[in-house]
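In this chain, residues are counted from 1 in sequence order.
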Amino acid sequence: MIRSLTMLNNNFNILQKRQENISANVANINTSGYKSQEIIQSTRASEVMSNHLDGPLLNQQQDIGGFVFSNQIDEIVQNFSQGGLKATASATDVAIQGDGFFTVESPDGGNYYTRNGNFTVNDAGQLVTQEGYRVLGTTGNGQSAPIQVNSSDFSIDNRGNLAGTGMSLMITEFNDTAGLTRVGDTLFTGQGGTVQTGGTVVQQNYLETSNVTTVDEITNLMQVSREFEANQKALSAADETLRKAVNEVGKV
């Protein structure tokens, strides 16, 4: 009975994390550049159970059979598939069509990577994210630096070059996006990125929409709800059996 309660407790914890993940995806359906994520779980390996109640002295091992101690979370997978493009009337809105990420400066001097091109211009005339992180570009000699635009009236061609600045957007590409770690709704950190020198199409006056699929999230939520219900029934059965073991069997 105690093992079943432990197993059910673990199942409820996993279901709660799956529900929280679905809630995060749904909450960011309208967040530009948001990438959905999915929790991958698996069933734990079966463990052999035995007792030592066999033999004349009740001290010989007797194998009872296998027992599976519930499920486990293997990993959280980020879905980096391309979202749709939505036209806007703002010159500070930029979208990437293809692979790669905008590179922005993190508070500790490192780099964040994002597909959210919903930028703005700060008081110093620099292109920044909505969180205030400076968007990085590359100069003619390949050096990285914050992008100085001075006003929201500027133009970017489809190769990411900013007119009149001698700079281009710093687009970083990763061969393996599985190594990226989410640090915000649309921000990631990671190692091994390379700066693109071409091949990615940049669209000004556009934003990449979230790649969350509403129908999929509704289906996932229904599945989690059914699993919650099944585990609640199993918990009630285990609790009733334990109650009888304590209150009735002990009286015999």
Side-chain angles (χ1 to χ4, degrees), residues 24-25 27-37 78-107 110-139 142-175 177 180-190 193-213:
N25 285 339
N28 286 282
I29 284 178
N30 295 317
T31 301
S32 299
Y34 180 81
K35 300 303 176 183
S36 63
Q37 58 184 18
Q78 314 287 345
N79 176 11
F80 286 105
S81 63
Q82 174 86 46
L85 297 186
K86 178 179 68 174
T88 72
S90 176
T92 56
D93 288 340
V94 189
I96 294 174
Q97 191 171 5
D99 297 329
F101 296 80
F102 297 112
T103 309
V104 301
E105 188 178 57
S106 64
N111 291 339
Y112 284 155
Y113 306 99
T114 182
R115 295 282 296 196
N116 185 358
N118 184 208
F119 302 138
T120 186
V121 179
N122 64 12
D123 294 338
Q126 297 169 326
L127 195 64
V128 296
T129 67
Q130 294 297 319
E131 297 88 356
Y133 303 136
R134 296 189 298 183
V135 180
L136 296 179
T138 55
T139 61
Q143 298 297 311
S144 65
I147 296 175
Q148 192 78 29
V149 293
N150 297 323
S151 72
S152 58
D153 184 17
F154 63 94
S155 64
I156 305 174
D157 65 21
N158 60 10
R159 295 179 60 86
N161 300 312
L162 289 94
T165 65
M167 299 186 69
S168 59
L169 288 168
M170 186 175 177
I171 308 296
T172 304
E173 186 176 4
F174 294 86
N175 290 329
T177 54
L180 293 176
T181 302
R182 189 186 295 265
V183 293
D185 287 339
T186 60
L187 295 171
F188 298 88
T189 60
T194 57
V195 178
Q196 286 190 356
T197 58
T200 294
V201 176
V202 175
Q203 299 279 4
Q204 190 177 20
N205 300 111
Y206 281 86
L207 286 175
E208 181 181 355
T209 61
S210 168
N211 68 354
V212 174
T213 304

### Query
What pair of heavy atoms forms the shortest contact from G83 to K35, and how long is it?
N-NZ, 3.7 Å
### Query
Between T172 and G193, is there a donor-acceptor pair closer than 3.5 Å when you use the side chain of the first and the backbone of the second?
no
### Message
Testing the basics here: between V135 and L169, what is the closest heavy-atom pair and its distance to 0.1 Å?
### Response
CG1-CD2, 4.1 Å
#### Entry: Within residues 143-169 or reaching into it, pairs that qualify as salt bridge (Lys or Arg N to Asp or Glu O under 4.0 Å) - sequence neighbours excluded
none
### Summary
Hits for side-chain contact (heavy atoms from CB on, under 4.5 Å) against L85, two or more places apart or cross-chain, chain-then-number order -> Q82, A95, Q97, Q203, Y206, E208
### Query
Just by distance, do the side chain of Q130 and the backbone of N118 share a donor-acceptor pair under 3.5 Å?
yes
### Message
Rounded at 0.5 Å granularity, tell me how far OG1 in T114 sits from CZ in R182.
### Response
10.0 Å
### Query
Quick one: does V94's side chain get under 4.5 Å of I156's, heavy atoms only?
yes
### Message
I'd like to check the side chain to side chain donor-acceptor pair (under 3.5 Å) partners of T139; sequence neighbours left out, ordered by chain and number.
### Response
N141
### Message
List the residues meeting ring-ring contact (aromatic ring centres under 6.0 Å, His included) with Y112, not counting sequence neighbours, and say none if there are none.
### Response
Y133
### Query
Looking at residues at least two apart in the chain, or sitting in another chain, which of them share a side-chain contact (heavy atoms from CB on, under 4.5 Å) with S32?
N116, L207
### Query
Of all heavy-atom pairs between N111 and Y113, which one has the smallest distance, and what is that distance?
CB-OH, 3.6 Å
### Query
N28 versus T186: any side-chain heavy-atom pair under 4.5 Å?
no
### Query
Which residues pass the salt bridge (charged side-chain N to carboxylate O under 4.0 Å, His left out) test with E105, sequence neighbours left out?
R134
#### Entry: Pairing residues for T181 by the side-chain contact (heavy atoms from CB on, under 4.5 Å) criterion, not counting sequence neighbours
T189
### Query
Can you name the residues that form a side chain to side chain donor-acceptor pair (under 3.5 Å) with S168, not counting sequence neighbours?
T138
### Task
Classify the side-chain pair N205/D93 by whether it contains a donor and acceptor separated by less than 3.5 Å.
no
### Task
Output all residues satisfying side-chain contact (heavy atoms from CB on, under 4.5 Å) with N79, sequence neighbours left out; order by chain, then residue number.
S36, S81, N211
#### Entry: Non-hydrogen side-chain atoms of L127 and F154 separated by less than 4.5 Å
yes
## Note on the structure
So OG1 of T129 and CZ of F119: to nearest 0.5 Å the spacing works out to 7.5 Å
### Task
Kindly write out the residues that satisfy side chain to side chain donor-acceptor pair (under 3.5 Å) with S155, not counting sequence neighbours, or none if the list is empty.
none
## Note on the structure
The ring-ring contact (aromatic ring centres under 6.0 Å, His included) partners of F188 (sequence neighbours excluded) come to F80
### Query
Is there side-chain contact between T165 and I147, with heavy atoms separated by less than 4.5 Å?
no
### Message
Holding to ring-ring contact (aromatic ring centres under 6.0 Å, His included), I want the full list of residues that pass it with Y34, two or more places apart in sequence or in another chain.
### Response
none
### Task
Give the C-alpha distance, both sets of side-chain angles, the deciding distance and a yes or no for side-chain contact (heavy atoms from CB on, under 4.5 Å) between T31 and V212.
CA-CA 10 Å; T31 301; V212 174; over 6 Å; no
### Message
Any side-chain to backbone donor/acceptor pair from T200 onto D99? Under 3.5 Å, distance only.
### Response
yes
### Query
Hey, what do you get for CZ (F102) to CZ (R115), rounding to the nearest 0.5 Å?
7.5 Å
